[in-house]
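Remarks on the structure that follows.
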2 protein chains.
Amino acid sequence: MQDKTCHGVEVAIEALVGKWKPIILFHLMEKGTLRFNELKRAIPKITQKMLTSQLRELEHHQIVNRKVYPQVPPKVEYSLTEYGKEIIPLLQSMQEWGTTHKKYMVEHNIDIAEG
Amino acid sequence: MQDKTCHGVEVAIEALVGKWKPIILFHLMEKGTLRFNELKRAIPKITQKMLTSQLRELEHHQIVNRKVYPQVPPKVEYSLTEYGKEIIPLLQSMQEWGTTHKKYMVEHNIDIAEG
DNA sequence: CCCAATAGTATCCTTTATGATACTATAACA
DNA sequence: TGTTATAGTATCATAAAGGATACTATTGGG
């Protein structure tokens with residue numbers, strides 16, 4: 001077995017990891033399109049720097065689309081690309097397993113943060 | 001929408017993240033049971049410290065089972081728990097999406113490492 | 001002229017994650 | 001007695017991720 005039998009998993013994690021990416025994706029999944037500041041308001045604890053960088057990374061992967069309106073003050077809208085929407089079922093599977101796992105850990109009285 | 005609509009996703013990522021966890025899990029999926037040093041030899045670039053810590057975390061989540069034989073020199077076997085095996089379909093979905101995504105990025109001539 | 005609003009950058013700092021290296025215990029064996 | 005094997009720990013160093021804060025451009029409105 002090569003070390004990279006699981007390379008796809010690492011690619012997937014790479015694309016989704018980052019403290020804020022899943023949150024951003026779920027907001028875009030729910031609302032369709034959001035302006036930069038709408039996202040910022042929806043995720044109060046994120047800093048501008050992190051919001052920008054996470055969006056840039058998602059854009060780089062062509063999961064998120066960035067549309068700039070040439071006006072002042074600026075208007076920039078973010079949404080999932082068609083290609084990005086293909087990730088939704090995976091996010092839902094992760095969501096499902098994670099929710100179950102959280103419950104499992106609580107029921108077994110294990111601190112999920114420790115491990 | 002609460003910030004935590006996607007909490008499950010974060011739990012899932014938490015459980016799978018770590019530079020070596022997917023690799024370890026795939027080896028255990030394939031071989032069933034492996035001793036510490038067998039894993040180490042199968043993943044040449046991992047340090048002992050990282051192998052230990054990643055296994056400890058997987059064990060903490062009850063995804064991996066650790067069986068110690070009281071003998072000298074020590075013998076410790078690692079395997080997926082029954083509960084841990086439930087994560088296999090998720091790993092496979094991630095693997096599938098990730099593989100497709102990798103291909104997509106290559107075809108579109110995008111450097112996957114940059115973003 | 002001054003202020004607000006938007007979508008950012010730039011800089012510096014702290015926290016986590018990962019890595020390199022050396023070290024441990026114990027029994028069998030030469 | 002010294003050597004090997006196993007499954008680790010301990011310590012220190014570096015790299016990567018995240019956070020705090022201040023700053024920018026532009027234009028409409030008071």
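Residue numbers begin at 1 in each chain, while the letters A, B, ... track the order of the sequences. Scope of the values below: all heavy atoms of this structure, side chains included, with no hydrogens, waters or symmetry mates. A quick note: this is a predicted structure, and the numbers were derived from the prediction, not measured.
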[N] OP1/OP2 closer than 4.0 Å to side-chain N/O of [X]:
{"X": "B/R56", "N": "D/dT9", "answer": "yes"}
{"X": "B/R66", "N": "D/dG8", "answer": "yes"}
{"X": "B/R35", "N": "D/dA5", "answer": "no"}

Practice prompt. Please check if the distance between the ring centroids of B/H108 and A/Y83 is under 6.0 Å.
Written response: no
Worksheet item: With A/E77, which residues qualify under side-chain hydrogen bond (donor to acceptor under 3.5 Å, both in side chains), at least two apart?
Response: A/Y69
Discussion item. Taking side-chain hydrogen bond (donor to acceptor under 3.5 Å, both in side chains) as the definition, give me every residue that meets it alongside B/R41, ordered by chain and number, with sequence neighbours left out.
Written reply: none
Check the distance between [N]'s [atom2] and [X]'s [atom1] and give it to me in whole angstrom.
{"X": "B/E38", "N": "D/dA5", "atom1": "CD", "atom2": "P", "answer": "15 Å"}
{"X": "B/E59", "N": "D/dA7", "atom1": "CD", "atom2": "P", "answer": "14 Å"}
{"X": "A/L51", "N": "C/dG8", "atom1": "CG", "atom2": "P", "answer": "8 Å"}
{"X": "B/K75", "N": "C/dA25", "atom1": "NZ", "atom2": "P", "answer": "24 Å"}
{"X": "B/Q54", "N": "C/dT16", "atom1": "CD", "atom2": "P", "answer": "17 Å"}
{"X": "B/Q71", "N": "C/dT26", "atom1": "CD", "atom2": "C1'", "answer": "12 Å"}
{"X": "A/R41", "N": "C/dG8", "atom1": "CZ", "atom2": "P", "answer": "14 Å"}
{"X": "B/I13", "N": "C/dA17", "atom1": "CD1", "atom2": "C1'", "answer": "16 Å"}

Worksheet item: Which letters describe nucleotides 25-30 of chain D, given B = protein heavy atom under 4.0 Å from base, S = only from sugar-phosphate, - = neither?
Response: -BS---
Worksheet item: Which of parallel (below 30°), tilted (30 to 60°) and perpendicular (above 60°) describes A/F36 and A/Y78?
Response: tilted
N/O donor-acceptor pair under 3.5 Å between [X] side chain and [Y] backbone:
{"X": "A/T81", "Y": "A/Q62", "value": "yes"}
{"X": "B/H60", "Y": "A/D111", "value": "yes"}
{"X": "B/E38", "Y": "B/R35", "value": "yes"}
{"X": "A/H61", "Y": "A/E14", "value": "no"}

Practice prompt. Indicate, with a heavy-atom threshold strictly under 4.0 Å, whether A/Y69 touches base, sugar-phosphate, or nothing.
Written response: nothing
Response to the item:
the helix from C/dC1-D/dG30 to C/dA30-D/dT1: angle between terminal helix axes, five bp per end, to the nearest 10 degrees, reads 30°
Please tabulate, one pair per line, each protein N/O and nucleotide N/O from nucleotides 19-22 of chain D that are separated by under 3.5 Å, including the distance.
residue	atom	partner	partner atom	Å
D/dG19	OP1	A/K19	NZ	2.6
D/dG19	OP2	A/W20	NE1	3.1
D/dG19	N7	A/K49	NZ	3.2
D/dG19	O6	A/K49	NZ	2.1

Worksheet item: Would one find more than 12 heavy atoms of other residues, nucleotides or ligands at under 6.0 Å from atom NZ of B/K102?
Response: no
Fill in: Qualifying side chain to side chain donor-acceptor pair (under 3.5 Å) pairs with a residue from residues 84-98 of chain A, counting only residues at least two apart or across chains
A/E82-A/K85
Worksheet item: Start at the 5' end of DNA chain C and walk down; is the nucleotide closest to A/L55 or to B/G18 reached first?
Response: A/L55
Worksheet item: Do you reckon A/I88 sits in the same ILVMFWY cluster as A/I23, going by side-chain contacts under 4.5 Å, direct or chained?
Response: yes
Worksheet item: In terms of hydrophobic clusters joined by side-chain contacts under 4.5 Å, are A/V106 and A/I112 together?
Response: no
